[in-house]
Amino acid sequence: MAESTGGDRELSHLDERGHSRMVDVSDKDVTRREATARGRVAMSAETLALIGEGRLPKGDVLAAARLAGIMAAKRTPDLIPLCHPLPISGVEVQLCLDPEDPGVEIEATVRTSARTGVEMEALTAVSVAALTIYDMCKSAQRDLRIEAVRLVAKSGGRSGDYRAED
């Protein structure tokens, strides 16, 4: 029997015996779907300046993180068990230096026309972009923090649109 999520919905990745399964989406309509996720990497003002000035030994942090996020979105079903491989039609990864609260803000938007959504792809893009920033900056600062990775919006599909309250 499937476990309850606290509401009237059940976990879709469990069968009637509680075993993991891939959800069968063959009866769902193909629709245009989009998901946006955000996160950030918190750091010192000095490390942020190194990124902005391009003075880290591993190279252009923002270019590497953007490319890593795009590649990660495309490889999500290889990383997340039971995640459907999808024909991704677009991935955008935006990175913004925040000098007020020193860190790099990350936003990823993923689009497809498919039978299931791209929330996991957007979240994976943000997570891997953040990990790339961490890897490229760890020689300058060991106490970097990856924070607030979350889904902020989705559209399309049977469950309709969602927008997080920030």
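Bear in mind that the values here come from a model prediction, so they are computed numbers and not experimental data.
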Search all heavy atoms of [X] against all heavy atoms of [Y] and return the closest pair with its distance.
| X | Y | result |
| --- | --- | --- |
| Thr132 | Ala68 | OG1-CB, 3.2 Å |
| Ser113 | Val30 | C-CG1, 3.8 Å |
| Leu48 | Pro102 | CD2-CA, 4.1 Å |
| Ala37 | Val126 | O-CG2, 3.4 Å |
| Ala125 | Gly69 | CB-O, 3.3 Å |
| Gly156 | Thr31 | C-OG1, 4.3 Å |

How would you list, by chain and number, every residue that makes a side chain to side chain contact (heavy atoms under 4.5 Å, CB included) with Ser44, sequence neighbours excluded?
->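 Ser44 satisfies side chain to side chain contact (heavy atoms under 4.5 Å, CB included) with Glu46, Thr47, Gln141 once adjacent residues are dropped.
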
Does a side-chain heavy-atom distance below 4.5 Å link Val118 with Thr76?
-> no

When hydrophobic residues are tied together by side-chain contacts of less than 4.5 Å, even through go-betweens, does [X] share a cluster with [Y]?
| X | Y | value |
| --- | --- | --- |
| Val149 | Tyr134 | yes |
| Leu79 | Leu82 | no |
| Leu123 | Val128 | no |
| Val25 | Val110 | no |
| Met120 | Val152 | no |

Quick check for you: to the nearest 0.5 Å, what is the distance between [X] atom [atom1] and [Y] atom [atom2]?
| X | Y | atom1 | atom2 | value |
| --- | --- | --- | --- | --- |
| Leu131 | Ile146 | CG | CD1 | 4.0 Å |
| Arg158 | Asp29 | CZ | CG | 8.0 Å |
| Leu56 | Ser139 | CG | OG | 6.0 Å |
| Leu50 | Met43 | CG | CE | 10.0 Å |

Sequence neighbours excluded, every pair satisfying side chain to side chain donor-acceptor pair (under 3.5 Å) that has a member inside residues 116-125 |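 Qualifying pairs: none.
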
Taking side chain to side chain donor-acceptor pair (under 3.5 Å) as the test, write out the residues that go with [X], two or more places apart.
| X | answer |
| --- | --- |
| Glu147 | Arg40, Arg145 |
| Glu53 | Arg55 |
| Thr36 | Thr109 |
| Asp24 | Ser26 |

Sequence neighbours left out, what pairs pass salt bridge (charged side-chain N to carboxylate O under 4.0 Å, His left out) with at least one residue falling in residues 125-140?
-> Lys58-Asp135, Asp135-Lys138

Around atom CZ of Arg163, are there more than 12 heavy atoms of other residues, nucleotides or ligands at under 6.0 Å?
->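 Atom CZ in Arg163 is not crowded, with 12 or fewer foreign heavy atoms closer than 6.0 Å.
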
Without swapping roles, check the side chain of Lys154 against the backbone of Gly160 for a donor-acceptor pair under 3.5 Å.
-> yes

Fellow cluster residues of Leu67, listed by chain then number, with links counted only when side-chain atoms sit under 4.5 Å apart |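 Leu67 clusters with Met71.
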
Result block: side-chain N/O donor-acceptor pairs under 3.5 angstrom for residues 87-96, not counting sequence neighbours:
unit_1, atom_1, unit_2, atom_2, d
Ser89, OG, Arg111, O, 3.1
Glu92, OE2, Arg111, NH1, 3.2
Glu92, OE2, Arg111, NH2, 3.2

Results of salt bridge (charged side-chain N to carboxylate O under 4.0 Å, His left out) for Arg115 - residues two or more places apart only | none

By salt bridge (charged side-chain N to carboxylate O under 4.0 Å, His left out), Asp78 pairs with (sequence neighbours left out) Arg75

